[in-house]
Amino acid sequence: MKIALAQFNPTVGDFEGNSSKILKMAGEAERRGADLVVFSELCICGYLPLDLLERPAFIRRNQETLKCIAQQMPLPAVVGYAGTVNPDVHRAGKSIANKAALIYEGRVVFEQSKMLLPTYDVFDESRYFQAGDKQYVYRLGQEELGITICEDVWNDKTFWASPLYMRDPVTELVSQGTSVLINISASPFTMDKPFLRLGMLRSLALHHKRPVVYVNQVGGNDSLIFDGASIALTASGRIAAEAKAFEEDLVLFDTITSEGDLHDQPTNEVASAFHALVLGTRDYVHKCNFTRTIVGLSGGVDSAVVASIAVAALGPENVLGVSMPGPYSSGGSKTDAQALARNLGIDFQTIPIGHVFEAYKEALAPAFGGRSPDATEENIQARIRGNYLMALSNKFGSMVLSTGNKSENAVGYCTLYGDMAGGLAVISDVPKLLVYDLARFINREREVIPRSTIEKAPSAELRPNQKDTDSLPPYEVLDRILKAYIEEVKSPEEIAIETRNDLKLVREIVSRVDRNEYKRKQAAPGLKITSRAFGFGRPFPIAQKFIP
């Protein structure tokens, strides 16, 4: 059997657009001689639909669209959708399930509900879905198809030291005689995911001595980025077919010859992170019905990387760079911002903030009662810049891309309603050291980001001769501590020992992370690329007094 792995970019709730893509790719699969085409999890409605799943009209559209697709489908196909459960079987529980439907000769001939419903990180599927109660094998042609949905293959006891679930859907299918394991997924990208996923799928193939066909969603939806990289493995664990990462693609796998199409993948984690951020930015802007964006260019590396990502995602004609020099902005920062805009080919404006800053200070002087300048005056400058950017956004209908990185957001080294203002926080899940790696990646072929931007000491330039290290430890130290605390969930004592840092310093940083949750709750949505990002996948209380 020739199986087509159809990897496409759905939009949540766009039933017409998604079904049009499904049928178009199915037609291409048929022309290329496929016997079966497989699409991704919940591809009819798009993933993650969240509380749209609680609206009866949304579920009806799923079912109506599935029926319409079935009538037009030119070959057997597996598609994912949200459908109702049989009330005679499930007298209690949720009324809908996350389903895979097998279409054949104009109708749905078989359905499989997702068995394992994840409730960690960004997932809360038991909030919406009824879990399937049994796995079934379906015979199509000469193959016994064992169809699973995403999490169903992530519980192999030979791969995981501590499986999360009592049941193993794959083992149940193998016991029924399946000849090929098919998994439809919407698995969000993180930088460590490709290596982990390949190892897990290879373990399944080797353990069960069956070929594995894995079809993953591609594209960005809100904070989540889906990398695609759909793959077919032979029973010996060899990669026989692989779709492109971060692009729509269609590849074929032949179960008889164990051969297929192999397309290139990113060469390293930094390249993957860059392509993920470009895809996430493009889809967030376009799926929110914007075309143009604005980036405040400080002359620093963060804004330079964000502007470069925006240009790669949307084209230089859709990016405006705005320099807003203040009383403490260095000459080098001004010229670096202008050079970056020239190298990127984007429109560029300079709007100084000095006179407005002086007016603020004059207006507030009576209320401040002669108190000495402090962080208040620094934040006023950031908020003036935020107001400028949002004014331009309102006037021209452009989305502001904020430029704060994960390291700054973690410890609150950012200003509410100032540099945090915007519609999308592009690098909010990118630690500072990775920002520098991305800058060097962007400059791999030519100097886009001025060398001086990368080499100079980072500074907010909100007071004379200010450096980030005045308030923070070096980023080489800070980022290691933050990763251990946020992503690896380690205690300050463990972190101090592993990173060889003073326990007092670790506790101070950990305390800053916890104290600044209130800021992050008010930030723009950010693109997730690490295993634990700030946002709805890390729900911590704002008002709390627990000290780790």
Would you check if there is a donor-acceptor pair between the side chains of S230 and Q7 at a distance under 3.5 Å?
yes
Within a strict 4.5 Å, meaning less than it, do heavy atoms of the I427 and V435 side chains meet?
yes
Can you name the nearest heavy-atom pair linking S303 to V295, along with the distance?
O-CG1, 4.0 Å
Can a salt bridge be assigned to the pair K528 and D121 using a cut-off of 4.0 Å between side-chain N and carboxylate O?
yes
Donor on one side chain, acceptor on other, N379 and T415, under 3.5 Å
yes
Report the distance from atom OG of S428 to atom CG of N405, rounding to the nearest 0.5 Å.
9.5 Å
Side-chain donor-acceptor pair present, T148, N183, cut-off under 3.5 Å:
yes
Does any part of the side chain of M399, heavy atoms only, come nearer than 4.5 Å to the side chain of Y284, both counted from C-beta?
yes
Quick one: do E54 and K94 satisfy salt bridge (charged side-chain N to carboxylate O under 4.0 Å, His left out)? Show the steps, please.
CA-CA 10 Å; E54 296 182 344; K94 302 296 182 180; over 6 Å; no
Crowded around K483 NZ? As in, over 12 foreign heavy atoms under 6.0 Å?
no
CA sep, side-chain torsions, deciding dist, call: Y485, D514, side chain to side chain donor-acceptor pair (under 3.5 Å):
CA-CA 11 Å; Y485 185 60; D514 294 344; 3.0 Å; yes
Can you tell me if T178 uses its side chain to pair, donor with acceptor, with the backbone of V174 under 3.5 Å?
no
Verify the neighbour count for atom CZ of R238: are there more than 12 heavy atoms of other residues, nucleotides or ligands below 6.0 Å?
yes
Consider only side-chain N and O atoms of Q135 and Q112, and report whether a donor and an acceptor are under 3.5 Å apart.
yes
Under a 4.5 Å cut-off applied to non-hydrogen side-chain atoms, are I449 and S308 in contact?
yes
Are R292 and V319 side-chain neighbours, meaning at least one heavy-atom pair lies under 4.5 Å?
no
Any donor-acceptor pair under 3.5 Å from N516 side chain to V411 backbone:
yes
Which atom names give the shortest non-hydrogen contact between A533 and R538, and what distance separates them?
O-CB, 3.4 Å
At their closest point, which heavy atom of R202 faces which heavy atom of I239, and how far apart are they?
NH2-CG1, 3.7 Å
With the side chain counted from C-beta on, respond yes when L48 and V122 share a heavy-atom pair under 4.5 Å apart, and no when they do not.
no
Validate the cation-pi geometry between K432 and Y475: distance from NZ or CZ to the six-membered ring centre under 6.0 Å, angle to the ring axis within 45°.
yes
For salt bridge (charged side-chain N to carboxylate O under 4.0 Å, His left out), just list the numbers for D429 and K406, CA-CA rounded to whole Å, side-chain angles, deciding distance to a tenth of an Å, and then say yes or no.
CA-CA 5 Å; D429 197 32; K406 187 174 189 175; 2.9 Å; yes
Within 45° of the six-membered ring axis of Y518 and under 6.0 Å from that ring's centre, is NZ or CZ of R520 located there?
no
With a cut-off of 6.0 Å (strictly less than), are more than 12 heavy atoms of other residues, nucleotides or ligands near CG of D264?
no
Would you please say whether a donor-acceptor pair under 3.5 Å links the side chains of N216 and S187?
no
Give, for atom CD1 of I309 and atom CG of L277, the distance between the pair rounded to the nearest 0.5 Å.
4.5 Å
Checking N18 side chain against I44 main chain: does a donor-acceptor pair fall under 3.5 Å?
yes
Once rounded to the nearest 0.5 Å, what's the spacing between atom CG of D502 and atom CD of E508?
10.0 Å
Output, in order, the C-alpha distance, side-chain angles, deciding distance and verdict of salt bridge (charged side-chain N to carboxylate O under 4.0 Å, His left out) for R480 and E498.
CA-CA 10 Å; R480 288 187 66 195; E498 292 183 11; over 6 Å; no
Please determine whether the number of non-hydrogen atoms from other residues, nucleotides or ligands lying under 6.0 Å from atom CG of D283 exceeds 12.
yes
More than 12 heavy atoms from other groups under 6.0 Å of CZ on F195
no
A205 versus L233, closest heavy-atom pair with distance:
CB-CB, 4.4 Å
Side chains of S511 and R507: any donor to acceptor distance under 3.5 Å?
no
Just checking, any donor-acceptor pair under 3.5 angstrom between side chains of Y128 and N98?
no
State, with a plain yes or no, whether a side-chain heavy atom of M200 is found less than 4.5 Å away from one of V153.
yes
Could you tell me whether a side-chain N or O of K287 sits under 3.5 Å from a main-chain N or O of F290, the two making a donor and an acceptor?
no
Search all heavy atoms of S272 against all heavy atoms of F246 and return the closest pair with its distance.
O-CZ, 3.5 Å
Hey, would you say the F15 and F58 ring centroids sit under 6.0 Å apart?
yes
Test side chain to side chain contact (heavy atoms under 4.5 Å, CB included) on V37 and M25 and set out the steps.
CA-CA 9 Å; V37 59; M25 294 189 84; 5.8 Å; no
Here's one to test your reading of the geometry: is the NZ or CZ of R444 within 45 degrees of the ring axis of F441 and under 6.0 Å from its centre?
yes
Are the side chain of S185 and the backbone N or O of V215 linked by a donor-acceptor pair below 3.5 Å?
no
Tell me whether R282 contacts the main-chain N or O of G280 through its side chain, where contact means a donor paired with an acceptor under 3.5 Å.
no
Distance (rounded to the nearest 0.5 Å) between L478 CG and R512 CZ
8.5 Å
Main-chain N/O of F546 paired to Q544 side chain as donor or acceptor, under 3.5 Å
yes
Check this for me: R55, atom CZ, are more than 12 non-hydrogen atoms of other residues, nucleotides or ligands nearer than 6.0 Å?
no
Exam field: side chain K521 to backbone P541, donor-acceptor pair closer than 3.5 Å
no
Mind running salt bridge (charged side-chain N to carboxylate O under 4.0 Å, His left out) on K467 and D470 for me, showing each step along the way?
CA-CA 5 Å; K467 299 289 184 293; D470 297 342; over 6 Å; no
Check the side chains of D168 and N155 for a donor-acceptor pair under 3.5 angstrom, ignoring hydrogens and angles.
no
Just wondering, do K99 and Y81 contact through their side chains at under 4.5 Å, heavy atoms?
yes
Where do I486 and R532 land on the side chain to side chain contact (heavy atoms under 4.5 Å, CB included) test, with the steps shown first?
CA-CA 7 Å; I486 297 165; R532 188 68 65 92; 4.1 Å; yes
Indicate the atoms forming the closest heavy-atom contact of N221 with T11, along with that distance.
OD1-CA, 4.3 Å
First locate atom CD of E494, then atom OG1 of T499, and finally report the distance between them rounded to the nearest 0.5 Å.
11.5 Å
Would you say the side chain of V170 lies within less than 4.5 Å of the side chain of L204, judging by non-hydrogen atoms?
yes
Please determine whether a side-chain nitrogen of the Lys or Arg among R197 and D227 lies less than 4.0 Å from a carboxylate oxygen of the Asp or Glu.
yes
Inspect the surroundings of NZ in K134 and state if more than 12 heavy atoms from other residues, nucleotides or ligands are less than 6.0 Å away.
no
Testing the 3.5 Å rule here: is there a donor-acceptor pair between the side chains of Y165 and D152?
no
Rounded to the nearest 0.5 Å, what's the gap from OG1 on T119 to CG on L116? Could you check?
11.0 Å
Parallel under 30°, tilted from 30 to 60°, perpendicular over 60°: which one fits the rings of F123 and Y47?
tilted
